[in-house]
There are 2 protein chains.
Amino acid sequence: MTETRVERKERTRRAILDAALELCEDSSLVALSLRQVAGRVGIVPTGFYRHFDSIEALGLALVDESFVSLRAMLRDVRRVEAGGTAPVSFAAIVDRSVDTLVSHVHAQRAHFAFIARERTAGPPSVREAIRHEIELCERELATDLARLPGPDAWSTEDLRILSNLIVTAMVHTAESLVAVAGRPEAERRLTQTARTQLRMVIIGALQWRSGQE
Amino acid sequence: MTETRVERKERTRRAILDAALELCEDSSLVALSLRQVAGRVGIVPTGFYRHFDSIEALGLALVDESFVSLRAMLRDVRRVEAGGTAPVSFAAIVDRSVDTLVSHVHAQRAHFAFIARERTAGPPSVREAIRHEIELCERELATDLARLPGPDAWSTEDLRILSNLIVTAMVHTAESLVAVAGRPEAERRLTQTARTQLRMVIIGALQWRSGQE
DNA sequence: ACAATGGGTGAACGTCTGTTCACTCAATAG
DNA sequence: CTATTGAGTGAACAGACGTTCACCCATTGT
């Protein structure tokens, strides 16, 4: 007996999740069939029901899993920001943050691709779940930004708006990184674009209310 | 004879395009079937082939049509910018531009929703077509920005990066506007968010190179 | 007036879909 | 040692799918 019963079940469940993630890579969850997934896993179609009630339930599990990856990235970003005791420039924070994003997209490409795609194309319940998770990320970012030096004049609403802009730009960057796949030249260009954009946004935010309205 | 032959054909073609646009509203092109479309139009499945070779060809036609709407919006934005002979503030330009975006999304909701969705979820050829069209829009915006007063220190690359950021933010705004559908309160909030974000970005871009690097 | 054109029809095909049901048989619990 | 549990099986179903083909017949060009 090399494998207990629950271990075997968990292994099959993982295989289903992985198969689904790969199969919907070039279309969407809404175009994914139970039989395709079962076929790739190597079980009979009916076996699927031992693990999930429906493709939609599978989708929600994939949302959870993907956001574990995304949150791991955010934790890394946060650790970098709060790393040294000495004050670091915004430019340095931006550079390190973008690097962290890039390396996590590399390591978990499928998860980031899944979020980017199903965010707009998934079944309604999946879309809603992703929208909600992203909103939570924005709120977290807002509280992080509030701790940063400089934002004397940022209202709660300003923080929300700024976080939304940054998250939007980063989601778009992740989306593009996934799209360029393995072309290192295009990726370098994208990375530089993301850096510049983040810097521009932060410069604009720092000037906000002092130089405008 | 109240209707010529080509008129009738064109009418059916339009009905197919409209039906497809509505049907894929709550899923995606990749999950759209020829028989669904034919059924809604009121023709037999085979009749579809008189107008399109495949669902994918239909999709590319919808891309064309949707970008006609999007370009109409850009033309409006440009007319507002170049409107008065007197110099206007950036804030005024931003406000008018966002208003133009909102009204066009209202008028052509289905087209904007289609672009936002299929951009990431459509069949590969459709995705590529949309990506290309958006890149063209970014280039157009870059040349417009170059004509604006102030950008003494903007390099060609900076202009590309800035345009990319603005277009990304506006695509995201359009996407959100479509999502809130008919809730005026949420829409007002979104509009205000978009305005503030655009202003922040422009302030940041104006300070660029002078206050950084 | 006559022939050609072409949008729309309806049957038929093979394939794929989700879901049901009764089943096996090794890993577990008592 | 025996009884139970439950992951995986395999047949069967009704329905939807894309695509083919021969066909109809009103609008056209001559």
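All chains are named by letter (A, B, ...) in the order of the sequence lines, taking the proteins before the strands, and each is independently numbered beginning at 1.
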Checklist outcome for this item: Separation of C/dG10 atom C1' from B/Phe48 atom CZ, nearest Å, is 19 Å

Checklist entry - Atom CD of B/Glu10 to atom C1' of C/dG7: distance rounded to whole Å? => result 14 Å

Item to check | Step-by-step side-chain hydrogen bond (donor to acceptor under 3.5 Å, both in side chains) determination, A/Glu10 to A/His51 | outcome: CA-CA 9 Å; A/Glu10 182 52 29; A/His51 303 274; over 6 Å; no

Checklist entry - Once each nucleotide of nucleotides 5-18 of chain D is scored for protein heavy atoms under 4.0 Å, what B/S/- sequence comes out, 5' to 3'? => result BBBBBB-B----BB

Next on the checklist: Heavy-atom nearest nucleotide on DNA chain D for B/Val6 versus B/Pro45: which residue maps closer to 5'?
Outcome noted: B/Pro45

Checklist entry - Would B/Thr120 and A/Thr120 count as having a side-chain donor-acceptor pair, cut-off 3.5 Å? => result yes

Return yes if some donor-acceptor pair links the side-chain N/O of [X] with the main-chain N/O of [Y] below 3.5 Å, else return no.
| X | Y | value |
| --- | --- | --- |
| B/Glu138 | B/Val167 | no |
| B/Thr4 | B/Glu7 | no |
| B/Thr12 | B/Arg8 | yes |

Item to check | Presence of A/Thr4 side-chain N/O under 4.0 Å of C/dT28 phosphate oxygens OP1/OP2 | outcome: yes

Next on the checklist: If I compare all heavy atoms of B/Ser66 with all of B/Phe114, which pair ends up nearest, and what's the gap?
Outcome noted: OG-CD2, 3.5 Å

